[in-house]
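Just so you know, ligand 1 is whichever comes first in the structure, and atom 1 is the first atom listed for that ligand.
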Amino acid sequence: MTVATFASLGLSPPLLQACAEVGYTTPTAIQAEAIPPLLRGQDLLGLAPTGSGKTAAFALPLLQRVIAGRQHAYRRVRALVLVPTRELAQQVGQTFRRLGTSCPRPLKVAVLHGGVSPNPQMMALRGGCDVVVATPGRLLDLLDRNAVRLDTVEALVLDEADRLLDLGFSAERERVFAALPADRQNLLFSATFPPEVQALADGLLRDAVRIEAAAEAR
Ligand code: ADP
Ligand code: MG
């Protein structure tokens, strides 16, 4: 099998530059498999262990979509990433920011999680943002306060879906999903695939590409 390069996956120059700047020389297995279908707008089920590079596997194609579709003068939420924990929200938000630095217009990423005052998060949202990374509880809280609108979301990511479900996400997801447009790209990533995750995937994904990747040997 030939080794893929980021350029061969269809990523645009600003994102190739971002990969080089953060020191990603070769795509991981899940990145090589996931990026082309994600750039085509397909739904995706990604089953891969921790450390396999899942964050960039979804951040790079979603950033490309955000850049390409920014015909509006104002910012609106184009991509929503749901994660189970505050730490993960910060990590994923950081990856979007780092990979988004080469974008033609500065990218705004709002990171929403509990354990801190909602006020700075509400201020960040008021300024407009392109990407929201959130834990479900705080996102619902901010939806209830009308601090965030999700009716412009084009892509939804459930990251670490198995852990999201462990948190009791099933009770919250209907309310979050109801705030999203029905026509959108859906991505679900999980390290394990118990029946509950399968049921979540079955309800969420349409004609999804399914990718299973082994741990990266690094
Ligand atoms: P996962 O979500 O699958 O657990 P992460 O997305 O957190 O994995 O990535 C794990 C680590 O690998 C991170 O430190 C990330 O910066 C690094 N990484 C991701 N993709 C690449 C790549 N193509 N080349 C080198 N390092 C990478
Ligand atoms: Mg991850």
Side-chain angles (χ1 to χ4, degrees), residues 1-39 43-66 79-103 107 109 111-113 131-136 139 155-167 169 185-194 197 200-201 204-205 208-218:
M1 198 183 99
T2 49
V3 176
T5 62
F6 281 109
S8 72
L9 302 180
L11 292 171
S12 61
L15 295 164
L16 295 176
Q17 192 185 328
C19 288
E21 278 168 12
V22 301
Y24 296 175
T25 50
T26 311
T28 66
I30 191 151
Q31 290 162 5
E33 287 189 70
I35 290 172
L38 289 176
L39 287 173
D43 280 9
L44 183 125
L45 173 64
L47 304 175
T50 303
S52 50
K54 293 190 284 294
T55 318
F58 62 78
L60 289 165
L62 293 188
L63 284 166
Q64 183 147 321
R65 175 181 199 134
V66 168
L80 171 66
V81 184
L82 292 177
V83 296
T85 66
R86 167 181 174 168
E87 291 71 29
L88 197 60
Q90 285 165 346
Q91 272 175 35
V92 170
Q94 183 68 18
T95 299
F96 268 94
R97 287 186 182 127
R98 287 172 67 206
L99 293 174
T101 45
S102 306
C103 293
L107 186 89
V109 182
V111 177
L112 315 175
H113 55 70
V131 176
V132 167
V133 181
T135 57
L139 181 66
L156 168 71
V157 183
L158 302 187
D159 191 21
E160 306 218 4
D162 45 0
R163 294 175 63 202
L164 273 171
L165 289 177
D166 288 344
L167 293 176
F169 172 62
Q185 188 178 16
N186 295 290
L187 289 60
L188 188 153
F189 291 90
S190 195
T192 64
F193 199 52
V197 176
L200 180 61
L204 185 71
L205 306 175
V209 178
R210 179 185 166 126
I211 293 170
E212 285 184 66
E216 284 295 302
R218 246 190 277 126

Novice: Is Ile211 close to Leu45 at the side-chain level, that is, under 4.5 Å between some pair of heavy atoms?
Specialist: no

Novice: Are any of the N or O atoms of Gly53 closer than 3.5 Å to those of ligand 1?
Specialist: yes

Novice: Answer with yes or no whether Phe189 contacts ligand 1, where contact means a heavy atom under 4.0 Å from a ligand atom.
Specialist: no

Novice: Under a 4.5 Å cut-off applied to non-hydrogen side-chain atoms, are Pro61 and Leu39 in contact?
Specialist: yes

Novice: Check salt bridge (charged side-chain N to carboxylate O under 4.0 Å, His left out) between Arg163 and all other residues, then give those that pass, not counting sequence neighbours.
Specialist: Glu160

Novice: Regarding ligand 1, does Pro27 bring an N or O atom to under 3.5 Å of one of the ligand's N or O atoms?
Specialist: no

Novice: Out of Val92, Thr95, Leu99, Thr55, who is nearest to atom 5 (P) of ligand 1 when you count heavy atoms only?
Specialist: Thr55

Novice: Measuring only between side-chain heavy atoms, which start at C-beta, is Phe6 closer than 4.5 Å to Thr25?
Specialist: no

Novice: Tell me whether Thr25 has any N or O atom under 3.5 angstrom from an N or O of ligand 1.
Specialist: no

Novice: With the side chain counted from C-beta on, respond yes when Phe189 and Ile30 share a heavy-atom pair under 4.5 Å apart, and no when they do not.
Specialist: yes

Novice: Between Phe58 and ligand 1, which residue portion shows a heavy-atom distance shorter than 4.0 Å: side chain, backbone, both, or neither?
Specialist: neither

Novice: Between Leu82 and Leu156, is there a side-chain heavy-atom distance shorter than 4.5 Å?
Specialist: yes

Novice: Answer whether the closest heavy-atom distance between the side chains of Gln185 and Leu38 falls below 4.5 Å.
Specialist: yes

Novice: I'd like to know whether ligand 1 has Ala48 as a neighbour, heavy-atom separation below 4.0 Å.
Specialist: no

Novice: Work out whether the distance between some heavy atom of Pro49 and some atom of ligand 1 is less than 4.0 Å.
Specialist: yes

Novice: Quick one: salt bridge (charged side-chain N to carboxylate O under 4.0 Å, His left out) partners of Glu21, sequence neighbours excluded?
Specialist: none

Novice: Could you tell me whether Thr26 approaches ligand 1 through its side chain, its backbone, both or neither, with non-hydrogen atoms closer than 4.0 Å?
Specialist: backbone

Novice: Which bit of Gln91 is near ligand 1, meaning a heavy atom under 4.0 Å away: side chain, backbone, both or neither?
Specialist: neither

Novice: With nothing but distance in play, are any N or O atoms of Ser52 less than 3.5 Å from an N or O of ligand 1?
Specialist: yes

